[in-house]
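Residue numbers begin at 1 in each chain, while the letters A, B, ... track the order of the sequences.
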Amino acid sequence: MTTFSFSLQTGETGPLEKGSEPDRLRIPIPCHTPILSEGDQVLVGTKIAIANHDGSGDMHAPMAGIIQDILPYSMLIKVNGKDRAKTKKAPSADGAPLKEWLRDMGAQVKNIDKAPILIINAVPPEPGISIYDPLLRDYRKTLELGLETVQRIVKPSKMFLVAAKGNRANAFANCTVMHVAPTYPNGIDEMVIKAVTGQEVLPDAPPDDTVILSVSDLYFIGRIMETGRPLTETIMTIGNRNYLIRVGTPVGFLAEQAGATVQPGDRIVMGGPMRGLTAINLEQGVGKDTTGLQILRKDESLKTTDNFCLGCGECERHCPARIMPGMISRCAEFKQFKRAEDFHIHSCIECGICGYWCKAQRPLLQYIRLAKYELALLRKDETPSDMIVQAETGQAGEKE
Amino acid sequence: MNKPLEPILTVSVPPHVHCGRTIKGYMIETIAALMPAALMATYMFGMGALRVMALSCAVAVTTEAICNKIMGRKQSIDDFSGLLTGLLFSFLLPASAPWWLVTVGAASSIILGKMIFGGLGASPLCAPVVGWAVCRISWGTVMDTNATMLSSNLPAPLQQLKYFGLDSIQSIQSSTLLIGEQLGGLGEVQVIALLLGGAFLLIRRHVRWEIPTGFIAGILITTWIYQLIDPTTYAPPMFHLLAGGTIFGAFFLATDSASSPIGLIPCLLFGLIAGTMVIIIRVYGIYPDGVPFAILLTNLFTPLLDRIRPKPFGGPFSYSSKDEEGATCEKC
Ligand code: SF4
Ligand code: SF4
């Protein structure tokens with residue numbers, strides 16, 4: 001039995017601490033094109049890669065150093081100094097130019113468009129992740145600046161701050177505070193949108209009239225505006241403390257700093273235990289969207305099996321999307337991906353709850369993702385990542 | 001990043017944590033929930049009952065092992081599901097059942113009720129009941145508890161009701177039925193012990209409340225309606241609830257995970273249909289106790305009932321239907 005709890009209550013957290021400086025950075029560039037080559041010297045804030053997708057932020061060097069290695073999905077920088085690139089000035093224009101400038105500075109702006117409703121999600125994304133708490137407490141100035149900036153693009157008529165009951169939530173000007181029950185998965189964007197507007201939106205199909213941003217998004221945008229320097233950091237909960245970590249810091253380095261030893265077979269989870277990614281080795285660097293780091297021992301984590309589905313319905317009872325993960329996983333198991341659509345696979349918000357409860361320990365979310373991926377391939381004979389973007393734009397186009 | 005680095009980590013899809021429940025744990029706890037009834041049965045019917053239960057379990061497990069061998073599957077008897085099926089099957093037999101009947105029944109429970117459909121979880125029918133039906137139809141007289149246990153002083157409420165009418169059961173107290181002093185399947189009549197086990201399963205959440213509630217409600221409502229029609233020919237609700245295998249069916253047979261529906265409303269309906277069917281069979285059928293047949297029949301409704309679904313989150317949506325919608329929009 002695990003002692004895992006679905007509670008999203010964060011309790012009192014300490015101040016936001018600065019992560020130590022590693023001697024190397026391994027910057028993830030899964031959807032980026034590098035613009036420098038091996039051997040080049042970079043300064044703090046030099047742009048090193050351009051995003052391939054609309055709305056994703058470009059990548060900048062978090063520390064000064066020499067590019068040692070460029071691999072398909074990552075770039076290795078050997079740190080050798082502290083020199084900084086020049087700061088940049090934000091454009092005075094609102095709307096699109098500002099959005100483009102923020103994107104150029106590394107912020108994720110895909111969802112920031114003109115819309116009547118702006119939601120600020122302050123509900124922890126997962127149990128054990130408390131990154132928003134120190135921000136809301138100690139960095140109000142930065143958050144307010146971030147919010148002002150976002151407002152210049154979104155021009156909302158209504159703003160909401162959504163927090164979990166029992167957690168800190170001080171409203172900003174003109175912003176209504178809403179509370180949701182402090183249990184996972186209430187912090188997932190789709191659930192928060194539903195709590196505010198009552199509207200259920202499919203994942204991958206962002207609504208036209210609502211923009212949702214997390215507290216850390218605001219913080220990062222606020223920081224960019226304050227300093228004129230690009231976004232090169234992420235905020236992570238490690239243990240129960242929160243750190244400002246440079247993008248690309250190897251997970252092994254973080255584990256070492258936290259005094260943890262990693263044994264063979266452990267999982268290093270980047271993010272939370274329900275939705276986090278596992279690092280493939282100790283050298284993997286954290287990305288801009290990494291929210292936490294946890295080490296799960298071999299015997300305390302879920303060991304998936306290929307047991308057959310019992311049909312017990314445990315997964316279905318806990319699924320927030322009201323679908324039948326068991327049936328979808330059966331379809332995926334026997335490669336009947338089209339049939340998975342009949343079981344409403346596209347409604348799945350990938351919260352991972354079904355896998356948590358499955359008595360047969362089936363890798364349910366993995367089956368679901370496999371089926372989604374195969375369905376996407378069936379629909380468009382193109383590379384999957386391009387497809388996802390196209391599917392989204394296609395949906396948006398249809399609504400207009 | 002491509003070169004192997006020590007230590008080698010586990011890489012997997014989330015979630016990374018689990019509630020800790022296993023198939024084996026579920027089976028063991030269900031078997032534990034049956035233990036009070038098994039003890040009561042031994043006490044009531046003597047060593048005969050113990051013999052039937054042990055033989056049935058042994059045959060069930062062996063059959064499953066052999067099936068796995070023949071089908072070239074991974075050995076699965078260590079999840080105790082075969083053992084559970086064997087035990088459930090034996091609960092439906094009279095304590096006087098001859099060895100060959102137990103063997104044939106337990107083996108057909110496993111083969112026809114489970115393995116033929118692909119093993120645990122794939123069966124559309126409740127496995128022990130399949131074995132029971134095979135025996136009941138093939139060797140009706142040996143399965144008849146009343147005829148084979150003539151030496152016993154215990155009442156056989158359902159048979160008496162069927163063949164001698166309502167008057168013959170007036171003398172049978174509810175409390176007698178409750179403590180299991182009646183003839184019937186050796187385990188299915190241990191009402192109080194089964195209630196205990198059922199409560200345990202409910203508390204441990206291995207069984208959800210929907211199916212037992214629906215089942216019992218179905219029994220009570222249907223008998224009540226019959227009583228309204230003619231109180232002099234039809235037995236009262238409490239009698240039907242406590243006589244025969246009603247409680248056993250409600251908590252242990254109807255709730256079989258593979259053959260019952262999943263959602264809340266489907267489960268309630270499933271229980272209701274099964275409960276109603278029990279009474280209809282008891283009233284009109286040629287078999288005194290309708291529980292196993294009612295469950296078997298209701299199992300056939302499961303795929304239909306499972307179609308009653310709440311609206312999916314943000315949906316329904318599928319790529320193919322979306323294209324069609326797009327086409328109609330362009331036309332108009
Ligand atoms: S991950 Fe599982 S529980 Fe969560 S929405 Fe998808 S199917 Fe439902
Ligand atoms: S919880 Fe697991 S075994 Fe039960 S229905 Fe869902 S997938 Fe099947």
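The environment of A:R339 atom CZ is sparse: at most 12 non-hydrogen atoms of other residues, nucleotides or ligands sit within 6.0 angstrom. No more than 12 heavy-atom neighbours from other residues, nucleotides or ligands sit within 6.0 angstrom of CZ on B:R205.
For A:M327, no part lies near chain B; criterion is any non-hydrogen pair under 4.5 Å. With a 4.5 angstrom heavy-atom cutoff, A:C312 touches chain B via backbone and side-chain atoms both. Contacts between A:L364 and chain B at a heavy-atom distance below 4.5 Å are absent for every atom of the residue. Looking at A:V269, only its side chain comes within 4.5 Å of chain B, counting heavy atoms on both sides. There is no contact between B:K24 and chain A, counting heavy-atom distances below 4.5 Å. When heavy atoms are compared at a cutoff of 4.5 Å, A:K303 does not approach chain B at all. Contacts between A:P363 and chain B at a heavy-atom distance below 4.5 Å are absent for every atom of the residue. Heavy-atom distances place no part of A:Q294 under 4.5 Å from chain B, backbone and side chain included. Residue contact with chain B, scored on non-hydrogen atoms closer than 4.5 Å, involves the backbone and the side chain of A:R267 alike.
Here CD1 of A:I280 is found 11.5 Å from CD1 of B:I8. Values are rounded to the nearest 0.5 Å. In this structure, the separation between CH2 on A:W357 and NE2 on B:H18 is 9.5 Å, given to the nearest 0.5 Å. A:L296 CG to B:L9 CG: the interatomic distance, rounded to the nearest 0.5 Å, is 11.5 Å. Distance CZ/A:F308 to CZ/B:R73: 8.5 Å, rounded to 0.5 Å. Atoms CD and OG, from A:E314 and B:S257 in turn, are 10.0 Å apart once rounded to the nearest 0.5 Å.
With hydrogens and angles ignored, the 3.5 Å screen pairs a side-chain donor or acceptor of A:T278 with a backbone N or O of B:S12. Between the A:S347 side chain and the B:G314 main chain, no donor and acceptor come within less than 3.5 Å of each other.
Listed options B:T10, B:V13, B:I262 were ranked by heavy-atom pairs under 4.5 angstrom with chain A; first place goes to B:T10. Interface summary for chain B: among A:S301, A:G265, A:G313, the most heavy-atom pairs under 4.5 angstrom belong to A:G265. Chosen from A:G352, A:P273, A:G355, A:G252, the residue pairing most often with chain B at heavy-atom distances under 4.5 Å is A:P273. Note: A:A279 leads A:C319, A:A279, A:P320, A:G271 in heavy-atom pairs under 4.5 Å with chain B. With respect to chain A, the highest number of heavy-atom pairs below 4.5 Å among B:H206, B:H16, B:K74 belongs to B:H16. Chosen from B:G119, B:G121, B:P14, B:P261, the residue pairing most often with chain A at heavy-atom distances under 4.5 Å is B:P14. Across A:D266, A:L365, A:I349, the residue that shares the most heavy-atom pairs under 4.5 angstrom with chain B is A:D266.
Screening residues 76-87 of chain B for side chain to side chain donor-acceptor pair (under 3.5 Å) gives B:E64-B:S76, B:N68-B:S76, B:D79-B:S81, B:S81-B:K114 as the qualifying pairs, with residues at least two apart or on separate chains.
Residues B:P15 and A:R275 are not in side-chain contact: their nearest non-hydrogen atoms beyond the backbone lie 4.5 Å or more apart. Taking 4.5 Å as the limit, some side-chain heavy atom of B:T22 sits within range of a side-chain heavy atom of A:Q361. Residues A:N307 and B:I23 are in side-chain contact: their nearest non-hydrogen atoms beyond the backbone lie under 4.5 Å apart.
Contacts with chain A (heavy atom to heavy atom, under 4.5 Å) involve these residues of residues 295-312 of chain B, listed by number: B:D306, B:R309, B:P310, B:K311, B:P312.
Nearest heavy-atom pair, A:M191 versus B:F313, reported as atom, atom and distance to 0.1 Å: SD-CE1, 3.9 Å.
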Can you list, pair by pair, the side-chain donor-acceptor contacts under 3.5 Å of residues 263-270 of chain B, counting residues two or more places apart and other chains?
none

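In terms of the ring pair (Phe, Tyr, Trp, His ring centres under 6.0 Å) criterion, A:F343 has no residue partners (sequence neighbours excluded).
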For a side-chain contact (heavy atoms from CB on, under 4.5 Å) check, start with the C-alpha distance between B:V17 and A:L302, then their side-chain angles and the critical distance, and finish with the verdict. CA-CA 5 Å; B:V17 284; A:L302 164 63; over 6 Å; no
